[in-house]
Amino acid sequence: QVHVVESGGGLVQPGGSLVLSCVASGHIFSNNVMGWYRQTPGKQREFVATMHSGGSANYADSVKGRFTVSRDNAKNTVYLQMNSLKPEDTAVYYCNVAEYCSGSGCRDDYWGQGTQVTVSS
């Protein structure tokens, strides 16, 4: 069983910065993607940023240039550096691990419990 735990959320003023961390444990295939999604009440969970185990990263347009995703494969840890935060960034942020096995069509997703990020003055 794969366990995913994120941390680092909190209250920050507009324009401030925050760093989120996520640690995954258990059996994880080497070919995987780790990253972040966020959700506010009444809205669908949306993609924020991810990074493949090979190093390639993807970002949502709304955070591009402000957020940076990175990971430490040896520690099965992914980070989200958030700069120039805006009130619209307020949400519960969830860590996701998507692993891919050797066979075609093989994929499993695991989620953390979420951490609250509030951007307000």
Side-chain angles (χ1 to χ4, degrees):
Q1 186 177 358
V2 176
H3 300 272
V4 181
V5 180
E6 61 266 81
S7 61
L11 175 65
V12 63
Q13 295 188 8
S17 298
L18 206 60
V19 180
L20 305 182
S21 300
C22 171
V23 180
S25 61
H27 183 266
I28 306 172
F29 288 104
S30 58
N31 184 21
N32 65 78
V33 174
M34 297 182 69
W36 301 90
Y37 294 73
R38 65 188 183 187
Q39 187 171 24
T40 57
K43 294 183 178 180
Q44 292 273 68
R45 187 170 299 183
E46 66 175 352
F47 163 79
V48 176
T50 56
M51 179 170 281
H52 186 262
S53 50
S56 61
N58 288 301
Y59 296 92
D61 289 341
S62 59
V63 306
K64 198 170 298 182
R66 299 187 298 119
F67 292 9
T68 302
V69 64
S70 61
R71 59 184 290 171
D72 186 334
N73 291 342
K75 298 179 180 179
N76 287 327
T77 301
V78 64
Y79 306 92
L80 185 66
Q81 173 70 58
M82 303 184 292
N83 298 322
S84 302
L85 284 163
K86 306 174 181 179
E88 50 263 47
D89 294 319
T90 297
V92 176
Y93 284 70
Y94 295 90
C95 181
N96 171 261
V97 178
E99 59 175 6
Y100 302 85
C101 60
S102 298
S104 61
C106 181
R107 172 179 173 172
D108 288 301
D109 283 270
Y110 304 91
W111 295 90
Q113 80 288 346
T115 184
Q116 176 71 48
V117 173
T118 302
V119 184
S120 176
S121 59

All N/O donor-acceptor pairs, side-chain side in residues 42-49, below 3.5 Å, sequence neighbours left out:
{"unit_1": "Arg45", "atom_1": "NE", "unit_2": "Gln39", "atom_2": "OE1", "d": "3.4"}
{"unit_1": "Arg45", "atom_1": "NH2", "unit_2": "Gln39", "atom_2": "OE1", "d": "3.3"}
{"unit_1": "Glu46", "atom_1": "OE2", "unit_2": "Arg38", "atom_2": "NE", "d": "2.7"}
{"unit_1": "Glu46", "atom_1": "OE2", "unit_2": "Arg38", "atom_2": "NH2", "d": "3.4"}

Glu99 side chain to Phe29 main-chain N or O, any donor-acceptor pair under 3.5 Å? yes
Side-chain heavy-atom pair Thr68, Tyr79 within 4.5 angstrom cut-off: no
Residues that Asp109 engages under side chain to side chain contact (heavy atoms under 4.5 Å, CB included), provided they are two or more places apart: Asn96, Ala98, Arg107, Trp111
For residues 12-30, which residue pairs qualify under side chain to side chain donor-acceptor pair (under 3.5 Å), counting only residues two or more places apart or in two chains? Ser17-Asn83
Gln81 side chain to Val19 main-chain N or O, any donor-acceptor pair under 3.5 Å? no
Does a salt bridge link Lys64 with Asp61, judged by any charged N lying under 4.0 Å from a carboxylate O? yes
Contacts of Val117 meeting side chain to side chain contact (heavy atoms under 4.5 Å, CB included) (sequence neighbours excluded), chain-then-number -> Leu18, Leu20, Met82, Tyr93, Val119
Hey, does Val78 have a side-chain heavy atom less than 4.5 Å from the side chain of Val69? yes
With side chains defined as the heavy atoms from C-beta onward, is the minimum distance between Trp36 and Cys22 less than 4.5 Å? yes
Could you identify which residues cluster with Val23, counting Ile, Leu, Val, Met, Phe, Trp and Tyr as linked when any side-chain heavy atoms lie under 4.5 Å apart, either directly or through a chain of such contacts? none
Residues in side chain to side chain contact (heavy atoms under 4.5 Å, CB included) contact with Cys106, at least two apart in sequence or another chain: Cys101
